[in-house]
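Nothing fancy with the numbering, it's 1 onward along the sequence.
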Amino acid sequence: MAIVDVLKFNSDASIFAWKYPNTELATWTQLIVNESQEAVLIKNGQITDVFGPGHYTLSTDNIPILQKLINIPFGRRSPFSAEVWFINRAFALDIKWGTTTPIQVQDPKYGVFVPLRAFGQFGLQIEDARRFLIKLVGTMQFFNVNTMTDYFKGLYVTRVKDRISSCLVSSKISILEINSHLNQISDALCAQLQEEFAEFGIRVHSFFVNDISVPENDPAVKQLKSALAKRAEMDILGYNYQQERTFDTLNTAAGNQGAAGTVMGAGMGLGMGFGIGGAMGNAAGSMEPVMSTKESTKECPSCHAKIGQSLKFCPECGADTTKTVAETKCSACGGAFTPGTKFCPGCGRKINPCNNCGADIPDGSNKCPGCGTVVCPDCGTVLNEGAKFCPGCGKSMVKKCSNCGAELNGNTRFCSECGTKVE
């Protein structure tokens with residue numbers, strides 16, 4: 001094989017490392033290293049020197065280690081075998097990347113799982129030729145952009161997935177709003193990947209996430225966008241989802257032509273119509289075909305809503321307005337309240353109504369002051385004689401000694417086991 005006299009490589013921008021194919025060299029071989037390149041000389045698997053841009057003569061004078069590695073002198077032109085690697089130090093700023101499969105993430109705002117795809121580009125530079133050659137290139141003939149992306153695809157796809165998920169959770173934004181945070185995600189990924197690429201002698205100059213997209217044909221995406229479009233329509237027209245459902249119910253009731261349906265439809269239509277009127281404020285004036293503004297009103301005895309004087313049933317709670325509701329008094333403060341009240345309007349105490357007569361049972365008492373029925377002191381459920389547990393809440397009705405825990409009978413004043421006075 002002919003001895004090489006001149007070594008040079010006019011590199012392609014996509015190639016980061018290239019090994020000169022001929023290994024038969026001479027000590028006067030001319031080595032030309034272009035700008036943005038470095039040349040690495042390897043003899044017997046050992047890196048003998050790294051050359052920056054310039055013109056060099058490979059001789060034992062300027063490479064002293066060759067004197068020990070070349071054992072057969074041949075004049076001043078001793079032939080020897082060695083590898084020469086050219087390392088491209090120029091910036092590569094247009095390396096494309098993308099997720100090959102969708103990333104399944106949960107939308108923190110709406111709770112649905114949506115597949116995401118992300119893509120962009122990044123830029124890097126070979127910073128340490130020795131480390132890059134030893135740790136990454138090895139014995140390959142060349143190392144280009146495709147090799148680089150294949151090697152690090154698992155790394156940057158994992159980091160992209162983690163960063164997008166972290167951004168969604170920390171910022172609590174919808175997946176559909178994630179593109180407004182691309183700069184934040186890109187900067188964080190660049191800093192994180194720089195630390196990991198540095199181990200291989202590579203400096204990450206930039207890492208851009210150009211777009212995060214969701215597939216339009218995905219069922220979850222379609223449903224989410226449809227719901228958001230519907231909500232936007234409601235906001236523009238000035239009503240909410242509950243009111244829309246009420247409109248649908250009114251239409252259904254009006255279309256029911258049966259005898260029972262006519263009565264029920266009228267009752268439901270009237271009740272729901274006034275419910276919407278109360279919710280929509282001033283718009284209620286246009287939704288009162290039944291009750292004229294000149295008609296007198298009365299108060300519902302159950303929910304205290306203002307209703308038409310002629311109405312027999314309250315359109316708000318459905319109570320019969322023709323019946324007189326007897327007031328009940330609070331056992332604590334004596335304040336009056338109507339049946340169904342959960343808290344006393346006078347003292348705020350929680351009402352404990354008797355299931356038999358509706359009277360308020362004092363706290364801790366097991367006997368109704370109204371009808372004398374024995375009831376559970378916790379839930380007011382009427383108790384059968386000799387019952388040991390309340391059928392309503394499960395509370396034990398067996399009275400026990402506070403000192404020894406022995407079961408007490410009837411109106412016993414002292415414990416038969418330890419003699420402790422019963423409180």
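With hydrogens and angles disregarded, a donor-acceptor distance shorter than 3.5 Å links the side chain of Asn179 to the backbone of Ile212. Judged by distance alone, the side chain of Thr48 and the main-chain N or O of Lys43 form no donor-acceptor pair under 3.5 Å. Although no hydrogens or angles enter the test, the distance criterion places a donor-acceptor pair under 3.5 Å between the side chain of Thr99 and the main chain of Ala118. With hydrogens and angles disregarded, a donor-acceptor distance shorter than 3.5 Å links the side chain of Asn88 to the backbone of Ala90. At least one donor-acceptor pair under 3.5 Å links the side chain of Gln125 to the backbone N or O of Arg89. Distance alone, capped at 3.5 Å, places no donor-acceptor pair between the Arg203 side chain and the Glu127 backbone. Listed for the Gln194 side chain is a donor-acceptor partner under 3.5 Å among the backbone atoms of Val204. The backbone N or O of Gln37 lies less than 3.5 Å from no partner atom in the side chain of Asn34, so there is not a single donor-acceptor pair. A donor-acceptor contact shorter than 3.5 Å is absent between the side chain of Arg163 and the backbone of Ser186.
Residue Leu124 holds its CG atom at 10.5 Å from NE2 of His205, rounded to the nearest 0.5 Å. Here the CG atom belonging to Asp49 is positioned 12.0 Å from the CD1 atom belonging to Ile42, to the nearest 0.5 angstrom.
Other residues, nucleotides and ligands contribute more than 12 heavy atoms inside 6.0 Å of the CD atom of Gln104. No more than 12 heavy atoms of other residues, nucleotides or ligands shown are found within 6.0 angstrom of CG on Asn183. Within a 6.0 Å radius of CZ in Phe208, no more than 12 heavy atoms belonging to other residues, nucleotides or ligands are found. At most 12 non-hydrogen atoms from other residues, nucleotides or ligands lie less than 6.0 angstrom from CZ of Phe142.
Side-chain polar atoms of Ser165 and Asp162 form no donor-acceptor pair below 3.5 angstrom. If you check the side chains of Asp107 and Ser174, you find a donor sitting under 3.5 Å from an acceptor.
Looking at residues two or more places apart in sequence or on another chain, you find a salt bridge (Lys or Arg N to Asp or Glu O under 4.0 Å) between Arg349 and Asp360, Asp363.
Of all the heavy atoms in Lys298 and Gly308, the pair that sits closest is CE-O, 3.6 Å. Heavy-atom minimum distance, Leu168 versus Pro108: O-CG, 3.3 Å. Of all non-hydrogen atoms in Val50 and Arg130, the two that sit nearest each other are CG2-NE, 3.6 Å. Between Ile178 and Cys167, the shortest heavy-atom distance links the atoms CD1-SG, 4.0 Å. Between Pro315 and Ile307, the shortest heavy-atom contact is CD-CG2, 3.5 Å. Taking every heavy atom of both residues into account, Gln121 and Trp97 meet most closely at N-NE1, 3.2 Å.
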- request: Kindly determine whether Leu189 and Val160 satisfy side-chain contact (heavy atoms from CB on, under 4.5 Å), including the steps that lead there.
  value: CA-CA 7 Å; Leu189 283 170; Val160 166; 3.8 Å; yes
- request: Step by step, work out the side-chain contact (heavy atoms from CB on, under 4.5 Å) result for Val137 and Trp85.
  value: CA-CA 10 Å; Val137 179; Trp85 280 91; 3.5 Å; yes
- request: Apply side-chain hydrogen bond (donor to acceptor under 3.5 Å, both in side chains) to the pair Asn144 and Thr147, showing each step before the final yes or no.
  value: CA-CA 5 Å; Asn144 60 9; Thr147 313; 2.7 Å; yes
- request: Start with the C-alpha gap between Leu31 and Phe86, add the side-chain angles, then the distance that decides, and say whether side-chain contact (heavy atoms from CB on, under 4.5 Å) holds.
  value: CA-CA 11 Å; Leu31 174 63; Phe86 287 91; 3.9 Å; yes
task: Please assess Leu182 against Asn210 for the test side-chain contact (heavy atoms from CB on, under 4.5 Å), listing each intermediate value before the final yes or no.
output: CA-CA 7 Å; Leu182 291 184; Asn210 293 340; over 6 Å; no
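In this structure, Glu196 pairs ionically with Arg159, as a charged nitrogen and a carboxylate oxygen lie closer than 4.0 Å.
For Phe200 and Tyr151, the distance between ring centers is not under 6.0 angstrom. Checked against a 6.0 Å centroid threshold, the rings of Phe9 and Trp18 count as neighbours.
Using a 30° and 60° split on the angle between ring planes, Phe132 and Phe143 fall in the perpendicular class, above 60°. Note on ring orientation: taking the six-membered ring where Trp is involved, the planes of Phe207 and Tyr156 are tilted (angle from 30° to 60°).
In this structure the side chain of Asp128 never reaches within 4.5 angstrom of the side chain of Ile202, judged on heavy atoms.
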